[in-house]
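Read the structure below first, then the notes.
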Amino acid sequence: MVNILVVGSGGREHALSWKLSQSPKVETVFTAPGNGGTENNVSINVDDIDGLANFAQENNCFTVVGPEDPLAAGIVDEFKQRNLRVFGPSREAAQLESSKIWAKNFMKRNDIPTARFEIFDDAQKALEHIQSLDYHVVVKADGLAGGKGVIVCNSSEEAIAAVQTILVKKTFGDAGNKIIIEERIDGVEASYIAISDGKTAIPMDSSQDHKRVFDGDKGPNTGGMGAYSPTPIVDNALAEKIQKQIIEKTIQSMKNEGISFKGFLYAGIMIKDGQPYVLEYNVRMGDPECQPITMRMNSDLYDYFVASVDGKLSSMPPISWKNQSAVCVVLASEGYPKSYVKNEEISNFGSVPEDACIFHAGTRKENGKIISNGGRVLGVTALGDSLESAIANAYSAADKITWPHKYCRKDIGQKGLSYI
């Protein structure tokens with residue numbers, strides 16, 4: 001029996017802890033720092049790599065790193081130096097997410113399909129470039145910005161404002177010292193996530209995130225307002241194309257450049273005319289995609305993490321999935337992703353049906369009560385025999401939970417119904 005340390009405090013980490021705790025090979029799952037819903041919380045922050053490594057060593061833990069910041073900071077390298085078992089990519093491999101410029105240049109070098117782009121650190125040159133274009137663009141901060149550093153523009157005026165926001169006003173701090181201006185590809189977005197050991201990549205089932213804060217995909221980008229799995233937009237033929245042309249090509253190209261990619265490789269995909277293009281890479285499980293994906297997974301996730309670390313994924317069977325849909329509706333604090341109220345008591349957990357899972361994100365426990373403590377607060381996730389019934393089950397559960405400034409989108413999963 002092994003102990004596990006899950007690093008992080010979001011809904012993804014709660015879902016990973018929940019799934020890993022079901023493994024017969026796992027004794028105790030610790031979460032650092034965790035949230036109001038995770039058990040066995042350890043009060044060590046994700047940036048205290050030394051403290052996390054000491055805890056893992058003392059408690060004989062296999063460590064699973066949830067969020068991108070510690071991966072970009074080199075947590076995996078430090079753990080490996082201490083001969084500690086850890087699932088996730090090295091600092092060098094994590095550049096696929098920690099620098100969008102590095103990732104775009106990597107894709108260009110290796111002929112991985114993505115939108116054409118230019119890189120700028122000078123606002124005046126960026127503005128001149130925008131005025132020379134005859135197509136709409138997306139403006140992206142180079143560094144990590146909590147999923148919010150991407151501005152999709154409908155006009156050159158919006159693109160100019162985006163450059164001002166990121167490069168001049170430095171809304172995302174140093175993450176916006178350089179920007180990418182890329183062609184906006186209009187199509188259908190999907191999330192494609194695989195688990196890799198540096199040679200082999202085993203896919204998760206498909207999913208679709210809802211990034212914008214308001215219904216109908218309006219308003220600013222967020223970390224994600226909900227997700228569902230599987231998505232009908234990714235059929236078997238398209239899944240194979242993404243697996244071969246993007247996932248396996250990425251892993252092999254990294255290997256050719258002397259970088260072994262181990263961990264979750266997430267490709268944010270735009271599908272246009274049946275062709276997949278990479279919008280961005282993440283080097284960890286998506287949040288909130290993790291919640292519906294783990295709910296549908298029959299296989300023991302711990303076995304796949306061990307095989308990834310040991311370089312033995314080629315000996316593992318494909319992951320087994322429930323023949324059902326799962327939907328996650330994110331309950332957020334009203335005002336997110338801008339300013340919002342915290343420290344409100346959340347009620348009525350007891351009235352939620354037993355077959356729904358409430359994955360906590362921005363919560364904390366205080367005197368036995370659950371208190372709101374972030375922008376994205378809860379991820380209410382439910383299964384259904386069809387996408388339609390999974391949507392109904394998720395909203396039925398989500399509607400029961402209350403606090404004064406609760407907000408959620410009302411259309412999570414509807415896109416999926418429109419593709420059927």
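Judged by distance alone, with hydrogens and angles left aside, the side-chain atoms of Y395 form a donor-acceptor pair with the main-chain N or O of I412 at under 3.5 Å. A donor-acceptor pair under 3.5 Å is formed between the side chain of Y407 and the backbone N or O of V213. Although no hydrogens or angles enter the test, the distance criterion places no donor-acceptor pair under 3.5 Å between the side chain of E39 and the main chain of F30. With hydrogens and angles ignored, the 3.5 Å screen pairs no side-chain donor or acceptor of T363 with any backbone N or O of H360. In this structure a side-chain-to-backbone donor-acceptor pair under 3.5 Å is present from S206 to T231. R376 places a side-chain N or O within 3.5 Å of a backbone atom of D287 that can act as its donor or acceptor partner. Judged by distance alone, the side chain of D215 and the main-chain N or O of R409 form no donor-acceptor pair under 3.5 Å. A distance-only check finds no donor-acceptor pair linking the side chain of S253 to the backbone of T250 [under 3.5 Å]. Judged by distance alone, with hydrogens and angles left aside, the side-chain atoms of Y419 form no donor-acceptor pair with the main-chain N or O of P232 at under 3.5 Å. At distances below 3.5 Å, at least one donor-acceptor pair connects side-chain atoms of D411 with backbone N or O atoms of G216.
N40 and V29 make their closest contact through ND2-O, 3.1 Å (heavy atoms, listed as atom of the first residue, atom of the second, distance). Shown here for G176 and K170, the closest heavy-atom pair between the two residues is O-NZ, 3.8 Å. Between V2 and N60, the closest heavy-atom pair is CG2-O, 4.2 Å. Contact record, L378 with I346: CD1-CG2, 4.2 Å, taken as the closest heavy-atom pair. Across all non-hydrogen atoms, the minimal contact from P70 to V65 is CG-CG1, 3.9 Å. Contact between P67 and G8 at its shortest, heavy atoms only, is CD-CA, 4.0 Å.
Judged purely by distance below 3.5 Å, without hydrogens or angles, the side chains of T31 and E13 never pair a donor atom with an acceptor atom. In this model, a donor atom of one side chain and an acceptor atom of the other lie less than 3.5 Å apart for Q243 and Y192.
A cation-pi arrangement, defined by a distance under 6.0 Å to the six-membered ring centre and an angle within 45 degrees of its axis, is present between K108 and F117.
Within a 6.0 Å radius of CD in Q414, more than 12 heavy atoms belonging to other residues, nucleotides or ligands are found. Within a 6.0 Å radius of CD in E345, other residues, nucleotides and ligands contribute more than 12 heavy atoms. Within 6.0 Å of the NZ atom in K322, the count of heavy atoms belonging to other residues, nucleotides or ligands exceeds 12. Annotation for K369: atom NZ does not count as buried by contact number, only 12 or fewer foreign heavy atoms lying within 6.0 Å. Around the CG atom of D174, the shell of radius 6.0 Å holds no more than 12 heavy atoms that belong to other residues, nucleotides or ligands. By the neighbour-count criterion of 12 heavy atoms within 6.0 Å, atom NZ of K365 is sparsely surrounded, having that number or fewer from other residues, nucleotides or ligands. For Q275, the CD atom counts as densely surrounded, since its 6.0 Å shell holds more than 12 non-hydrogen atoms of other residues, nucleotides or ligands. Within a 6.0 Å sphere centred on CG of N343, other residues, nucleotides and ligands contribute more than 12 heavy atoms.
Side chains of S156 and H136 form no contact here, defined as non-hydrogen atoms less than 4.5 Å apart. Within the 4.5 Å cutoff, the side chain of M107 has heavy atoms near those of the V278 side chain. Two residues are said to be in side-chain contact when any heavy atoms from C-beta on lie closer than 4.5 Å; K400 and F349 fail this criterion. Looking at heavy atoms from C-beta onward, R184 lies in side-chain contact with N154 at the 4.5 angstrom threshold. Between E334 and Y340 the shortest side-chain heavy-atom distance does not fall below 4.5 Å. Using a 4.5 Å cut-off on side-chain heavy atoms (C-beta onward), P24 and Y302 make no contact. Contact of the Q208 side chain with the E289 side chain is not registered, since no non-hydrogen atoms from C-beta on lie closer than 4.5 Å. Side-chain contact between D197 and D310: absent, with no pair of heavy atoms (C-beta onward) separated by less than 4.5 Å.
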**OP:** Check step by step if side chain to side chain contact (heavy atoms under 4.5 Å, CB included) holds for V377 and W403.
**Re:** CA-CA 11 Å; V377 179; W403 75 91; 3.8 Å; yes
Subject >> Verdict with reasoning, K25 to D303, per salt bridge (Lys or Arg N to Asp or Glu O under 4.0 Å) >> reply: CA-CA 9 Å; K25 303 178 181 83; D303 288 342; 3.0 Å; yes
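A salt bridge links R82 to E78: at least one charged side-chain nitrogen sits closer than 4.0 Å to a carboxylate oxygen. In summary, E97 and R284 engage in a salt bridge, as defined by a charged side-chain N under 4.0 Å from a carboxylate O.
The distance from atom CG of D205 to atom CE of M297, rounded to the nearest 0.5 Å, is 9.5 Å. Interatomic distance, S207 OG to I293 CD1, rounded to the nearest 0.5 Å: 4.0 Å.
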